[in-house]
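Order of appearance sets the numbers: ligands from 1, and atoms from 1 within every ligand.
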Amino acid sequence: MTATATAFSYPDVRRVNRQLDELIAAPIHSILPEALAAYERDYFEAKCGTSKAMIEQARGVIPGGVQHNLAFNYPFPLAFTKAEGAYLYDVDGNRYLDFLQAGGPTVLGSNPPEVREKVIALLNECGPSTGLFHEYEYKLAKKISESMPAVEMFRMLGSGTEACMAAIRVARLATKNKRIIKMGGAYHGWSDQLAYGIRIPGSKFTQAHGVPRRIMAATDEFFPNDLADLERKLRFNQLRGGTAAVMMEPIGPESGTWPLDFDFNAGVAELCKKYGALYIADEVVSGFRFGLGGAQGMFGVEPDLTIFGKVVAGGYPGAGGLGGKREYMAYLSAGIAGGPKHKKALIGGTMAATPISCVAGYHALCEIERTGAAEKAAEMGDRLTAGLQRLIQKYALPFVAFNQGSVCHLETVGTMHFSINWSRPWGIPEVLSQTSKRQHEMEHMGAAYMAEGVVTLAGSRLYTSAAYTPELIDDALAAFDRVFANVGLLEQGAA
Ligand SMILES: Cc1ncc(COP(=O)(O)O)c(C=O)c1O
């Protein structure tokens, strides 16, 4: 299974992408309608009544009833009251194995006491924010720059979205070029200019409702795992004033849902150098999930700029930051007077870099390092994936399971493996209708896993943490076994 010598397992990318090609060509297999109806009746209706009533009330004042895009809506969202280690508990007292992990930040597991106690001590002493310098700003920045050679300096921001926006500003100032090329299908937050090529490579502005197209006029996308496509676009941009930056998740778009060849990042870095663009690595998910060196350490590359989020605040709020070479980070100097003589990028945030996010981030990183948490979480990811692959074989399903360390994928419908080809625009409505039909089934599968006591990310992604043990992974596999036993080919029109 391991393609290259690394501390973390790396999938045979060519084989996985071939399997995903086959999956999207195959008819949809999903939880059968009668089994889904039984889960709705015997689990959600019978055992989640308090959640249901709470969500009904919330719908009156919160659009859709929930605040998070990652909350399941089918058949209705559940309300959670407790998160501890590898477990989540809902308001009705039901317990779940947690593979959502708050969307990725909790490599140590939920609410680790080693971090919580430091946060409580800080709150008792200083409160959550002062708007002025706190020593943990320095401690966190130093820890990160000691762990990643490419991060000579670090500026903390409020979120990954903000860090992506800041990275683009810096790249434009540093190169004096305007154009950005992002990897198709990738999510880099929800800013206007990056609401482009979301989820489906080649989808351009089609998912960017509410954003005027001219705002994305300087944004392009390239196809995952296709260096020739990237070079074509870089060359084309040369005729239009040059490229400021190429932005990508080193592990592939959507946390590696479309996995990349192991040496792909090195190829991108080389092309960036050749065309005078900055190479921006979005490590919002991979930063510290692949050890303190991040995915850039695993792939042996040194990005010009690195975007942080999630783990950087240890699961606490205010999780964002930008790091990179000194010459670029100079554009981000803060403070009222002094600083460099050249232009500064306009960035800020009243609640960015609060003592609470810096303390939590610093101690989370120290704990990850001290306990080998990233490696432990990755071992659990390997065990989970191997077990899922066995179950897929047992039930002869077209599903695909693969992982990069603690980031695991269970693709049952392959929604994110579609792409749009604008030279055949008549195919676009078919792609959009297929993906929305399949998305619907992914939600059904997510609901079935939930009813069996397993919380996933959108029914297709699973983050493991160091709080997992082999026994807990085996419990999860038993739950997947029960769901897969009720999966079959959906009748035409049933989806
Ligand atoms: C790769 C990547 N970049 C950026 C973001 C945006 O981060 P945030 O949600 O903190 O704004 C996310 C969020 O999931 C992400 O996965």
Side-chain angles (χ1 to χ4, degrees), residues 66-71 99-107 154-169 171 180 182-199 201 207-208 219 221 224 245-260 265 268 279-290 294-296 298-299 303 305-324 347-349 351-354 356-358 360-361 364 404-409 416 456-458 460-463:
V66 289
Q67 307 277 17
H68 287 102
N69 289 340
L70 295 178
F99 293 103
L100 171 61
Q101 293 286 306
T106 52
V107 177
F154 172 77
R155 170 102 188 244
M156 190 115 180
L157 294 159
S159 67
T161 298
E162 291 176 29
C164 292
M165 291 161 65
I168 289 178
R169 288 217 176 129
I180 302 297
K182 71 176 282 278
M183 187 175 281
Y187 177 69
H188 296 293
W190 49 277
S191 70
D192 282 356
Q193 62 201 331
L194 288 168
Y196 193 85
I198 301 286
R199 227 162 39 85
Q207 319 281 312
T219 309
E221 56 175 317
V246 175
M247 184 183 280
M248 58 178 282
E249 274 189 89
I251 57 173
E254 287 284 355
S255 301
T257 300
W258 196 311
L260 307 174
N265 280 266
V268 172
Y279 159 43
I280 303 178
D282 180 342
E283 293 238 38
V284 165
V285 169
S286 53
F288 317 119
R289 200 160 256 289
F290 288 86
Q296 55 194 268
M298 176 169 77
F299 293 123
L305 292 170
T306 302
I307 294 160
F308 296 93
K310 302 195 192 267
V311 190
V312 82
Y316 284 77
L322 186 63
I347 64 161
M351 283 296 166
T354 59
I356 199 170
S357 22
C358 295
Q404 301 184 36
S406 59
V407 185
C408 308
H409 300 273
M416 287 184 200
T456 60
L457 191 160
S460 67
R461 196 179 311 162
L462 303 99
Y463 294 117

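Below 4.0 Å from some heavy atom of Glu249 lie the following atoms of ligand 1, by number and element: 1 (C). With ligand atoms numbered from 1 in the order given, ligand 1 contributes 10 (O), 11 (O) to contacts under 4.0 Å with heavy atoms of Ser159. Using a 4.0 Å cut-off to heavy atoms of Asp282, the atoms of ligand 1 that qualify are 1 (C), 2 (C), 3 (N), 4 (C). Listed by number with element, the atoms of ligand 1 under 4.0 angstrom from any heavy atom of Gly189 are 4 (C), 5 (C), 6 (C). Within ligand 1, the atoms closer than 4.0 Å to a non-hydrogen atom of His188 are 3 (N), 4 (C), numbered from 1 in the order shown. The Thr161 neighbourhood of ligand 1 comprises atoms 6 (C), 7 (O), 8 (P), 11 (O), with distances under 4.0 Å to a heavy atom of that residue. Applying the 4.0 Å criterion to heavy atoms of Val285 picks out, from ligand 1, the atoms 16 (O).
Exactly one residue among Ile307, Leu194, Ile251 makes a side chain to side chain contact (heavy atoms under 4.5 Å, CB included) with Asp282. That residue is Ile307.
Put simply, atom 3 (N) of ligand 1 has protein non-hydrogen atoms near it, under 4.0 Å away.
To the nearest 0.5 Å, atoms CG (Asn69) and OH (Tyr187) are separated by 6.5 Å. A distance of 7.0 Å separates CE in Met165 from CD in Gln193, rounded to the nearest 0.5 Å. In this structure, the separation between CG on Leu70 and CD on Gln101 is 13.0 Å, given to the nearest 0.5 Å. The structure places OG of Ser159 at 10.5 Å from NZ of Lys310, a figure rounded to the nearest 0.5 Å.
The residue Trp190 has no part lying near ligand 1, judged by heavy-atom distances below 4.0 Å. If you look at Lys310 next to ligand 1, the close heavy atoms, those under 4.0 Å, all belong to the side chain.
Residue, atom and distance of the protein heavy atom nearest to atom 15 (C) of ligand 1 are Val284 CG1, 3.7 Å. Shortest contact from atom 7 (O) of ligand 1 to any protein heavy atom: Gly160 CA, 3.3 Å.
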Enumerate, atom names and distances included, each donor-acceptor pair closer than 3.5 Å involving a side-chain atom of residues 252-259, sequence neighbours excluded.
| unit_1 | atom_1 | unit_2 | atom_2 | d |
| --- | --- | --- | --- | --- |
| Glu254 | OE1 | Arg461 | NH2 | 2.8 |
| Ser255 | OG | Arg461 | NH1 | 3.1 |
| Ser255 | OG | Tyr463 | OH | 3.0 |
| Thr257 | OG1 | Glu254 | O | 2.5 |

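Between Ile347 and Ala166, the shortest heavy-atom contact is CG2-CB, 3.8 Å.
Using cut-offs of 30° and 60° for the angle between ring planes, the Phe308 and Phe288 rings count as parallel.
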